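Every value quoted in this text rests on a predicted model; they were computed, and no experiment measured them.
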Amino acid sequence: MLVSGIDDGYFPLAYKGKRGKCPLVSVTFDGYKLVDVDVEFITVDGDDASAAYKNLRKGDIKMLDSIIVGGFNYIIPDNNYIIYYASKPDIDSILNAARKHYNDKRVNVIKEFLSNMIALSTNRGTVYVNTDLDLKMVKNVIEYYQIFSKYPEPIKYAHIIGKAIGQSQLISD
(Lines give C-alpha, C1' and ligand atoms only; values in the text may rest on other atoms or scores of the structure.)
Protein backbone atom coordinates (compact mmCIF):
# COMPACT_ATOMS: atom_id res chain seq x y z
CA MET A 1 0.00 0.00 0.00
CA LEU A 2 1.37 3.42 -0.97
CA VAL A 3 1.03 6.18 1.64
CA SER A 4 1.58 9.85 0.83
CA GLY A 5 2.29 12.74 3.14
CA ILE A 6 1.08 16.16 1.96
CA ASP A 7 2.35 19.48 3.31
CA ASP A 8 3.09 22.99 2.16
CA GLY A 9 6.46 24.68 2.21
CA TYR A 10 8.13 27.84 3.38
CA PHE A 11 7.13 31.26 2.09
CA PRO A 12 8.12 34.73 3.30
CA LEU A 13 5.46 36.90 4.96
CA ALA A 14 5.70 39.28 1.99
CA TYR A 15 3.86 36.60 -0.04
CA LYS A 16 0.74 36.87 2.15
CA GLY A 17 -2.36 38.25 0.44
CA LYS A 18 -1.82 36.40 -2.85
CA ARG A 19 1.55 38.07 -3.52
CA GLY A 20 3.51 34.89 -4.03
CA LYS A 21 3.49 31.13 -4.33
CA CYS A 22 4.71 28.31 -2.15
CA PRO A 23 5.22 24.59 -2.74
CA LEU A 24 2.65 21.92 -2.00
CA VAL A 25 4.49 18.62 -1.70
CA SER A 26 3.41 15.00 -1.91
CA VAL A 27 5.90 12.41 -0.61
CA THR A 28 4.94 8.78 -1.22
CA PHE A 29 6.19 5.76 0.69
CA ASP A 30 5.92 2.04 0.00
CA GLY A 31 6.46 0.70 3.49
CA TYR A 32 9.49 2.59 4.77
CA LYS A 33 10.88 3.18 1.28
CA LEU A 34 10.49 6.64 -0.28
CA VAL A 35 9.24 5.99 -3.82
CA ASP A 36 8.02 9.37 -5.15
CA VAL A 37 8.06 13.11 -4.57
CA ASP A 38 5.82 15.53 -6.46
CA VAL A 39 5.45 19.30 -6.18
CA GLU A 40 2.85 21.84 -7.28
CA PHE A 41 2.90 25.55 -6.48
CA ILE A 42 -0.04 27.27 -4.80
CA THR A 43 -0.92 30.90 -4.23
CA VAL A 44 -0.33 32.04 -0.66
CA ASP A 45 -3.79 32.86 0.80
CA GLY A 46 -5.36 31.86 -2.52
CA ASP A 47 -7.93 29.22 -3.31
CA ASP A 48 -6.03 26.99 -5.72
CA ALA A 49 -4.69 24.35 -3.30
CA SER A 50 -7.49 21.83 -3.96
CA ALA A 51 -6.77 21.89 -7.69
CA ALA A 52 -3.02 21.56 -7.06
CA TYR A 53 -3.68 18.70 -4.63
CA LYS A 54 -5.67 16.85 -7.30
CA ASN A 55 -2.74 17.21 -9.73
CA LEU A 56 -0.19 15.75 -7.32
CA ARG A 57 0.90 12.15 -7.67
CA LYS A 58 -0.32 10.42 -4.53
CA GLY A 59 -0.55 6.95 -3.04
CA ASP A 60 -3.51 4.89 -1.87
CA ILE A 61 -3.75 6.77 1.44
CA LYS A 62 -3.15 10.51 1.74
CA MET A 63 -2.02 11.99 5.09
CA LEU A 64 -2.42 15.76 5.11
CA ASP A 65 -0.71 17.96 7.67
CA SER A 66 -3.89 20.08 7.90
CA ILE A 67 -6.22 21.19 5.13
CA ILE A 68 -4.98 24.75 5.62
CA VAL A 69 -1.87 25.31 3.51
CA GLY A 70 0.01 28.26 2.08
CA GLY A 71 -1.28 30.77 4.62
CA PHE A 72 -5.06 30.42 4.37
CA ASN A 73 -5.29 28.44 1.15
CA TYR A 74 -7.15 25.17 1.65
CA ILE A 75 -7.45 21.61 0.39
CA ILE A 76 -10.69 19.71 0.01
CA PRO A 77 -9.40 16.13 0.10
CA ASP A 78 -10.80 13.38 -2.05
CA ASN A 79 -11.05 9.77 -0.86
CA ASN A 80 -8.80 7.76 1.47
CA TYR A 81 -7.53 10.77 3.38
CA ILE A 82 -6.27 11.38 6.90
CA ILE A 83 -6.12 15.01 8.03
CA TYR A 84 -3.56 14.90 10.83
CA TYR A 85 -2.84 17.18 13.78
CA ALA A 86 -0.31 16.27 16.48
CA SER A 87 -2.23 18.47 18.93
CA LYS A 88 -5.79 19.71 19.07
CA PRO A 89 -6.26 22.69 16.76
CA ASP A 90 -7.71 25.89 18.23
CA ILE A 91 -10.72 25.91 15.95
CA ASP A 92 -12.19 29.17 17.25
CA SER A 93 -8.95 31.12 16.67
CA ILE A 94 -8.52 29.63 13.21
CA LEU A 95 -12.11 30.41 12.19
CA ASN A 96 -11.96 33.92 13.64
CA ALA A 97 -8.82 34.67 11.61
CA ALA A 98 -10.37 33.17 8.47
CA ARG A 99 -13.55 35.22 8.90
CA LYS A 100 -11.62 38.40 9.63
CA HIS A 101 -9.42 38.20 6.54
CA TYR A 102 -11.45 36.20 4.00
CA ASN A 103 -15.02 35.42 5.07
CA ASP A 104 -15.61 33.29 1.97
CA LYS A 105 -16.05 29.59 1.12
CA ARG A 106 -12.81 28.64 2.90
CA VAL A 107 -14.38 29.45 6.29
CA ASN A 108 -17.08 26.81 5.81
CA VAL A 109 -14.63 24.24 4.40
CA ILE A 110 -12.22 24.73 7.30
CA LYS A 111 -15.05 24.64 9.83
CA GLU A 112 -16.48 21.43 8.36
CA PHE A 113 -13.21 19.52 8.53
CA LEU A 114 -11.81 20.90 11.79
CA SER A 115 -15.10 20.59 13.68
CA ASN A 116 -15.11 16.86 12.96
CA MET A 117 -11.64 16.05 14.29
CA ILE A 118 -11.43 12.86 16.35
CA ALA A 119 -8.97 12.28 19.19
CA LEU A 120 -7.00 9.12 18.44
CA SER A 121 -4.69 7.48 20.97
CA THR A 122 -1.41 6.23 19.46
CA ASN A 123 1.80 4.76 20.88
CA ARG A 124 3.31 8.27 20.66
CA GLY A 125 0.38 10.06 22.31
CA THR A 126 -3.01 11.43 21.33
CA VAL A 127 -3.36 12.88 17.84
CA TYR A 128 -6.35 14.45 16.10
CA VAL A 129 -7.65 13.25 12.76
CA ASN A 130 -10.44 13.72 10.30
CA THR A 131 -10.73 10.81 7.91
CA ASP A 132 -13.01 8.86 5.63
CA LEU A 133 -11.20 5.61 6.51
CA ASP A 134 -11.78 3.04 9.23
CA LEU A 135 -10.28 4.37 12.49
CA LYS A 136 -8.50 1.10 13.30
CA MET A 137 -6.75 1.25 9.92
CA VAL A 138 -5.91 4.95 10.46
CA LYS A 139 -4.36 4.17 13.84
CA ASN A 140 -2.31 1.33 12.32
CA VAL A 141 -1.04 3.53 9.47
CA ILE A 142 -0.15 6.42 11.77
CA GLU A 143 1.62 4.20 14.30
CA TYR A 144 3.50 2.36 11.55
CA TYR A 145 5.01 5.66 10.38
CA GLN A 146 5.57 7.20 13.85
CA ILE A 147 9.13 5.90 13.88
CA PHE A 148 11.03 8.72 15.57
CA SER A 149 8.31 11.09 16.77
CA LYS A 150 4.59 11.78 16.96
CA TYR A 151 4.73 12.96 13.33
CA PRO A 152 4.40 10.17 10.76
CA GLU A 153 7.40 10.01 8.43
CA PRO A 154 5.49 10.82 5.18
CA ILE A 155 4.24 14.11 6.69
CA LYS A 156 7.66 14.87 8.17
CA TYR A 157 9.38 14.30 4.80
CA ALA A 158 6.81 16.44 2.97
CA HIS A 159 7.39 19.22 5.50
CA ILE A 160 11.18 19.10 5.21
CA ILE A 161 11.14 18.95 1.40
CA GLY A 162 8.52 21.71 1.15
CA LYS A 163 10.54 23.96 3.44
CA ALA A 164 13.71 23.35 1.43
CA ILE A 165 12.00 24.06 -1.90
CA GLY A 166 10.36 27.23 -0.57
CA GLN A 167 13.63 28.53 0.82
CA SER A 168 15.61 27.63 -2.30
CA GLN A 169 13.11 29.65 -4.39
CA LEU A 170 14.13 32.77 -2.47
CA ILE A 171 17.77 32.19 -3.31
CA SER A 172 17.06 31.67 -7.02
CA ASP A 173 14.64 34.63 -7.40
Participant: Other hydrophobic cluster members with Ile160, side-chain heavy atoms of Ile/Leu/Val/Met/Phe/Trp/Tyr under 4.5 Å, chained?
Facilitator: none
Participant: With rounding to the nearest 0.5 Å, note down the distance linking NZ in Lys105 to OG in Ser50.
Facilitator: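 Answer for the NZ-OG pair, Lys105 versus Ser50, is 7.0 Å.
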Participant: Partners of Asp90 by side chain to side chain donor-acceptor pair (under 3.5 Å), sequence neighbours excluded?
Facilitator: Ser93
Participant: Using a strict cut-off of less than 4.0 Å between a Lys/Arg side-chain nitrogen and an Asp/Glu carboxylate oxygen, indicate whether Lys136 and Asp134 qualify as a salt bridge.
Facilitator: no
Participant: Using a 4.5 Å cut-off between side-chain heavy atoms of Ile, Leu, Val, Met, Phe, Trp and Tyr, which other residues end up in the same hydrophobic cluster as Val35?
Facilitator: Leu2
Participant: Strictly distance-based, threshold 3.5 Å: is any side-chain N or O of Thr131 a donor or acceptor partner for the main-chain N or O of Tyr81?
Facilitator: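 Present.
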Participant: So which pairs with a foot in residues 34-61 pass ring pair (Phe, Tyr, Trp, His ring centres under 6.0 Å), sequence neighbours left out?
Facilitator: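 Checked against ring pair (Phe, Tyr, Trp, His ring centres under 6.0 Å) - neighbours excluded - no pair reaches residues 34-61.
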Participant: Give a yes or no on whether the ring-centroid distance for Tyr145 and Tyr151 is below 6.0 angstrom.
Facilitator: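 Not under 6.0 Å, so no.
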Participant: Give the intermediate values and the outcome of ring-ring contact (aromatic ring centres under 6.0 Å, His included) for residues Tyr157 and Phe29.
Facilitator: CA-CA 10 Å; Tyr157 274 58; Phe29 281 76; 5.0 Å; yes
Participant: Residues two or more places apart in sequence or in another chain: which of them pass side chain to side chain donor-acceptor pair (under 3.5 Å) with Lys16?
Facilitator: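 Checked Lys16 against side chain to side chain donor-acceptor pair (under 3.5 Å); matches are Asp45.
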Participant: Can you list every pair that meets ring pair (Phe, Tyr, Trp, His ring centres under 6.0 Å) and has a residue in residues 115-144, with sequence neighbours left out?
Facilitator: Tyr32-Tyr144
Participant: Could you check Gln146, Glu143, Lys139 and say which one makes a side chain to side chain donor-acceptor pair (under 3.5 Å) with Thr122?
Facilitator: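 In the set Gln146, Glu143, Lys139, the residue that makes a side chain to side chain donor-acceptor pair (under 3.5 Å) with Thr122 is Gln146.
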Participant: Salt bridge check, Lys21 against Asp48: does any charged N sit closer than 4.0 Å to a carboxylate O?
Facilitator: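 Result for this pair is yes, salt bridge flagged.
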